[in-house]
Amino acid sequence: MSDHNYHGQHDAGRRGGGRGRRIGCAAVVLAVLAGGGYVGYTKLSGPDRDVTAATERVREFLDAWAADAAAEAGRVTDSPEAASSLVESVMTNLGPERTVIRVDEAGVSESEAGVTVPFEVSMSIPEAGELEYASRATAVEREGEWLVDFDSPVVHPDLESGQTLALKTVGARGTILDADGEELTAASLTGTVDDGGRGVSGLQARYEEELTRGLTNTRSVVIVDRESNDIASYVTETESRNGEDIRTTIDPRVQQAAALALEEIGDKRGAIVAIDPTDGDILAAASRPGGMNRAFEGAYPPGSTFKVVTSTALLKSGMAPDTVVECPKFARVNGQTFENQDQFTLPEGSTFRDSFAHSCNTFFVDNREKVSGTALREAAGHYGVGAVWDVGAATYDGSVPDPETDNELAASTIGQGRLLASPLVMASVAATVKEGSFKQPVLVPDQVEDAHSAPPLPADVAASLRAMMRATVTEGAGKALSGIPGEPHAKTGTAEYGDAVPPATHAWMIGYQGTSDIAWSVLIEDGGSGGKDAGPVAAAFLRGLD
């Protein structure tokens, strides 16, 4: 225990007389050290010496108690184990920052039972304030030695055998709430609180100040049973005050659908994010397994889901969805070969829309010159990718670095190279297509001060993207959503990463519902193919919304 100040009023003595009388305060002179020790005192002879010795023994007990030296306190009593155990229990439970115990010299008295020494206890207890009370201890002579006659009321007059002092929290930490005002149980979002009641991760850590605001001095001192910890009575009463609640935009119905859909991936890692395109409210953010908030903070190559952004640049350059294009088996750039998944090709006469729907890598690589310079980065700007977002939680907001080589530009067109995004970012890309303009995602509206804004998509570009994303479901790589109610629009993605040969891949699917205000993204780490593996998880999520 730190910073214990403990004192005794050591100017005790007596004016004279026999047993049964109260002891005056002038017969013993003590020099008091700053820490409560004694330089010396004037001893009296006869009965007075006995009273002085008895009083001194009580002081030794009190000084050890105030210094949080339970074993030393117990050694000067007639019940060492019981005394040290109770003193240790009280000091541990209350955790006082300062303890001062003063002997009432004028009240010292002797009787046939022994020498009784009254004293006053003052403790400064964090979150409970000042605790002050009076008690008394009697010293008895045992075989020529004075010892404190110990029982529980010595430590506090209201204590009974088997009881101790403790703290009870009367104010509660604020609660993180969902959009319906109920407690939010998405662990990867809310984070954790340590044994001391302090937030150490997630929203619990970010909003520690708000969640605990007003909780100062919100603990009462109580008497409890040492075995059951049941409260017997209150020593102090403190007004109950709770911390502030933090309300999020999470829709419990959507969150549950996302969590259940992620069970489809087994022991793999993944995330699902859902957003309301009209205002950016985050409706769901599920990560599997718990712990890291992959939904918000994961940084992954987006793979072909980024073709939505590349297509934005192509559309702005003048290309139309029905423009006839080629989708060969291979595309070669300075000796580097790019190919389509399973080396598929599209027949002659296929269009830009077909290449988008089937996710033809070679088409995008071969048309990289149309998105060179700042065109790709400017297209990403419509979606807020790479900006700084104020969501109300920690997020990774994507990165779209300018390509340094022609090969890097080629890789960037298909969401590879140095491009990175989170599931939140890619859900927002789908939401922006649905709405026609970027609405920065928001999780804790009351805490958002500087939401990012972005230029809206040109109306014709947005309309073309919507048609191409719908074609992905009806005739392309997103057929896993075929037959799902709500007119789903989607884009698949298979993102290579690492140095393995062949490379490992993350599986992506992003999209939105044409008949309702919800956009979403699905990511499965090391998950295989976007259409084959992420598609069924997306389908399970959308079915779960019904």
Side-chain angles (χ1 to χ4, degrees), residues 168-194 197-216 218-219 238-263 271-288 290-291 293-297 389-395 423-424 427-428 431 435 439-451 486 512-513 516-521 541-542 544-546:
K168 174 180 172 56
T169 299
V170 294
R173 182 183 179 88
T175 304
I176 298 173
L177 306 174
D178 61 26
D180 291 344
E182 300 296 326
E183 182 175 2
L184 180 63
T185 57
S188 60
L189 268 181
T190 59
T192 57
V193 177
D194 64 19
R198 184 174 184 83
V200 294
S201 65
L203 297 180
Q204 293 285 4
R206 184 182 181 96
Y207 295 107
E208 173 69 18
E209 180 180 349
E210 290 80 3
L211 291 165
T212 59
R213 184 172 292 156
L215 286 182
T216 304
T218 57
R219 305 182 84 183
T238 304
E239 180 183 357
S240 175
R241 290 177 293 175
N242 295 338
E244 294 180 10
D245 292 336
I246 297 296
R247 183 181 290 269
T248 71
T249 58
I250 295 295
D251 183 315
R253 179 181 66 92
V254 181
Q255 180 69 29
Q256 182 181 33
L260 290 176
L262 277 182
E263 293 182 1
I272 294 178
V273 176
I275 296 174
D276 184 334
T278 65
D279 54 16
D281 281 0
I282 298 170
L283 306 177
S287 296
R288 184 181 176 93
N293 185 359
R294 292 172 175 80
F296 284 6
E297 300 180 69
W389 296 3
D390 181 9
V391 172
T395 58
L424 174 66
S428 182
E435 183 66 11
K439 307 294 184 184
Q440 189 215 266
V442 172
L443 179 69
V444 188
D446 292 343
Q447 300 295 327
V448 173
E449 298 179 354
D450 188 22
Y512 66 87
Q513 295 296 81
S516 60
D517 292 326
I518 187 169
W520 44 267
S521 71
F541 167 62
L542 295 176
L545 298 177
D546 293 338

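Position 1 is the first residue of the sequence, and the numbers go up from there.
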Side chain to side chain donor-acceptor pair (under 3.5 Å) partners of [X], counting only residues at least two apart:
{"X": "Glu435", "result": "none"}
{"X": "Asp281", "result": "none"}
{"X": "Ser516", "result": "none"}
{"X": "Thr249", "result": "none"}

Does Tyr207 have any ring-ring contact (aromatic ring centres under 6.0 Å, His included) partners at least two apart in sequence or in another chain, and if so, which?
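In terms of ring-ring contact (aromatic ring centres under 6.0 Å, His included), with neighbours along the sequence ignored, Tyr207 is linked to no residue.
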Any donor-acceptor N/O pair, Ser201 side chain to Thr192 backbone, under 3.5 Å:
yes
Kindly write out the residues that satisfy side chain to side chain contact (heavy atoms under 4.5 Å, CB included) with [X], not counting sequence neighbours, or none if the list is empty.
{"X": "Glu244", "answer": "Glu210, Arg213"}
{"X": "Asp251", "answer": "Arg253, Val254, Leu283"}
{"X": "Glu263", "answer": "Leu260, Arg288"}
{"X": "Ala257", "answer": "Phe541, Leu545"}

Which atom pairs, one a donor and one an acceptor, fall under 3.5 Å between side chains of residues 174-190 and the rest of the protein, sequence neighbours left out?
| unit_1 | atom_1 | unit_2 | atom_2 | d |
| --- | --- | --- | --- | --- |
| Asp178 | OD1 | Asp180 | N | 2.8 |
| Asp178 | OD1 | Gly181 | N | 3.1 |
| Asp178 | OD1 | Glu182 | N | 3.0 |
| Thr190 | OG1 | Ala186 | O | 3.4 |

Residue that, paired with Pro441, satisfies side-chain contact (heavy atoms from CB on, under 4.5 Å) out of Thr395, Ile282, Val448:
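Of the listed residues Thr395, Ile282, Val448, the side-chain contact (heavy atoms from CB on, under 4.5 Å) partner of Pro441 is Ile282.
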Gap separating the CH2 atom of Trp389 from the CG atom of Leu424, nearest 0.5 angstrom:
5.0 Å
Smallest separation among heavy atoms of Gln204 and Leu211, with atom names:
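That closest heavy-atom pairing would be OE1-CD1, 3.3 Å.
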